[in-house]
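If you're wondering where the values come from, they're calculated on a predicted model, not measured in any experiment. Proteins get letters first, then strands, A, B, ... in listed order; numbering begins at 1 in each.
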Amino acid sequence: MNIRRLKALVQKEFAQFFKDKRLLPIIFVAPIIQLTLLGFAASLDVKNISFVLCDLDKTSESRKFAESFTNSGYFTMEYSTEDYNDVQRYLDESKAAMALVIPPKFGNKILRRETVDVQVLFDGSEGNSTAIASGYVMQIINRYSQNVLVTIVGDLKRLGGISTEIRAWYNPTLVSRKFMVPGVLVLILLITTTNLTAMAIVKEKEIGTLEQLLVTPLRPVELIIGKLIPFTLIGLIVVTFALLIMVFGFSIPIRGSIVLLYVLTGFFLMTSLGLGLFVSTISKTQQQAMMVGMFFVLMPMIYISGFVFPVENMPWILQVIADLIPMKYYLVAIRSIILKGVGISHLWFEAVMLFGMGVIVLTASVMRFKEKTD
Amino acid sequence: MNPMKALELHSVFKSFGEITAVNDLSLTVDRGEMYALVGPDGSGKTTTIRMLCGIVKPTSGELRVLGFDVQKQKEEVKKRIGYLSQKFSLYGDLTIDENIEFFAEIHGVYDYKARRNELLEFTRLTPFRDRLAEKLSGGMKQKLALACTLIHTPEIIFLDEPTTGVDPVSRRDFWKVLAALLKTGITIIMTTPYLDEAERCSRVALMDNGNILMADTPANLKKVMNGEVVEIVCSDIRRSFALMKKHHSVKEVQAFGDRLNIVINSSVADMQQILVHLQENMITVNDWRVVKPSLENVFISLLTDRKKV
């Protein structure tokens, strides 16, 4: 190992990096765009569900019942009709996601303390949102029924039963952004470091300088380290930048230890840089490296790691694969540190897995690279 | 084994899957020589150079550079050689100065400033030293690449088709630089598809199908040529060319503007008959004379002889 040769390589890498006018925006603008898009647009929250009201009763009681939906904040009444046959049309044409049908004599029956049937129809083509929305419907109707009971019985406690109050910890308002943004941070880190490393090496292959370097006394190991040092630093800069946006732009504070967060980031970088190195050994051109990186490394990682879809809900075979993906552990760790503020005592397993997998991926890639160039 | 020899190759084979690129190649080059490997595309010259630089491993055989085994003493070899690839591989986003500095540091030349100035002066690139490599013309890129391969004062340099894709003026320039370089005692091994360039070398190996057909000084190579080269200045070059191509005693025809070069066994025996044949076909022959064969003539006649066998 020759330190001066290494220094020359690192210096050259940075000189090239800062001269490339396309790269800097990729590193600093891309995180802003991705965080904003995925943080706001790719929201999994269900609100403002449009519905069509078919009030066949038209009494003050039925109006009050319909208002309890609009007042909840989850539903907005887009249309109102008095013809039951219209309801299907609104759902068919996707003008409303839900239909609320209040039968005739609704008000009368309530006053006479009779049971009333109310029809709620959903456009169930998007299952997830429908499930969440129907939950809201149940809540609203239960509360309404309770209020009816109160007017009859007075204090409900006299009837006994269970009273529940549910509270979500770490994310009390259940904003999916809090879950998404730390995930996007991981995604950005993975994309930039894996792709940049692969492309920086393949670029040298393309223009022939790699061959030129192999004729010099430079050793393959020095070449690899000379490439990895700059991209480790760039990865850390990207993470720091994304964290700043998260804390100040999205008001999501880091509850846990920043030191632990960076240590685990370092472990994860071994994997992402190692994968970049690996991609470079199987690609001849920068385009190839880009495609291989995107479709065979990043996409599977994104879908199976639990970035969006919970690993627990996957079929067992995918869960086994997910267990082998380092990004899964990094995602769990990052979200736990940022949202829950837990420390190493709860994350030691993730730390061990990240470190172990990082060492394996990096060693395997270095060996493959050496074999290819020796 | 002999450290006085620049190169020693003993029955070297290299195959890529089914294809044999280098087939039982043996070769010796002395120090201080300018040695050319000449041959058509796919004849194995680039593969030979790449094996000598340690970029490609031979399938079998022994290669020694300056007495060191390329396989076993790679580090010793790498310190002492320079390699200029076909692509003039440089960092386009770095300046001339930065490119040379980088290769100096990689070679462990830390006191490179004087040597760099000398090389820039030598290649006449001094006025452009702050220009990005990607903004240079083909000829300047070639000279910069040469400067980069010379920064650590190698004992031997390998040039792979150094003048391909370079304009004629830059080509002549480059040859001046090489001639000056040779005086410093360096050994130059080059490949070239241009036979006129090979004529300037001390020795030439004519390669085909991964093997050397013949290797000697250009003058000696020309002596082995079977037959004579006759230059004919005549009218209607295209029709004459077609006539000569079909003629039984003409072995080879080449057309150059207003004249033809034909290869025949003997001008005394065959020329009369050829002139008559041309006149019978309404071709006016203004002049004809026996000329010295070029390496190209030698090479083509060697190749055709080989095909007949």
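Enclosure of atom CZ in Phe14(A) by more than 12 non-hydrogen atoms of other residues, nucleotides or ligands within 6.0 angstrom is indicated. More than 12 heavy atoms of other residues, nucleotides or ligands sit less than 6.0 Å from atom CD1 of Ile32(A). Within a 6.0 Å sphere centred on CE of Met367(A), heavy atoms belonging to other residues, nucleotides or ligands number 12 at most. Remark: Phe17(A) CZ is packed, more than 12 non-hydrogen atoms of other residues, nucleotides or ligands lying under 6.0 Å away. Annotation: Tyr110(B), atom OH; neighbour count of heavy atoms from other residues, nucleotides and ligands within 6.0 Å is above 12. Crowding of Arg124(B) atom CZ: a count of heavy atoms from other residues, nucleotides or ligands under 6.0 Å not exceeding 12.
Residues His107(B) and Pro217(A) share a closest heavy-atom pair of ND1-CD, 3.3 Å.
Scanning residues 200-212 of chain A against chain B with a 4.5 Å heavy-atom cutoff picks out Lys203(A), Glu204(A), Lys205(A), Glu206(A), Ile207(A), Gly208(A), Thr209(A), Glu211(A), Gln212(A), ordered by number.
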May I have the step-by-step check of side chain to side chain contact (heavy atoms under 4.5 Å, CB included) for Leu94(B) and Lys19(A), ending in yes or no? CA-CA 8 Å; Leu94(B) 300 183; Lys19(A) 273 182 187 171; 4.2 Å; yes

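With a 4.5 Å cut-off on non-hydrogen atoms, Leu90(B) touches chain A through its backbone but not through its side chain. Contact of Phe88(B) with chain A is not made at all, since no heavy-atom distance falls under 4.5 Å.
Taking the side chain as every heavy atom from C-beta outward, Thr216(A) and Tyr83(B) never approach each other to under 4.5 Å.
With values rounded to the nearest 0.5 angstrom, Glu105(B) atom CD is found 10.0 Å from Leu9(A) atom CG. Here the CD1-CD distance, from Ile106(B) to Glu222(A), works out to 8.0 Å after rounding to the nearest 0.5 Å.
Identified under the ring-ring contact (aromatic ring centres under 6.0 Å, His included) test for residues 261-287 of chain A, with sequence neighbours left out: Phe267(A)-Phe355(A), Phe268(A)-Tyr330(A).
Remark: the backbone N or O of Glu98(B) is not paired with any side-chain donor or acceptor of Lys12(A) at under 3.5 angstrom.
Of the residues considered (Tyr91(B), Phe102(B), Phe103(B)), Tyr91(B) shows the highest number of contacts with chain A, using heavy-atom pairs under 4.5 Å.
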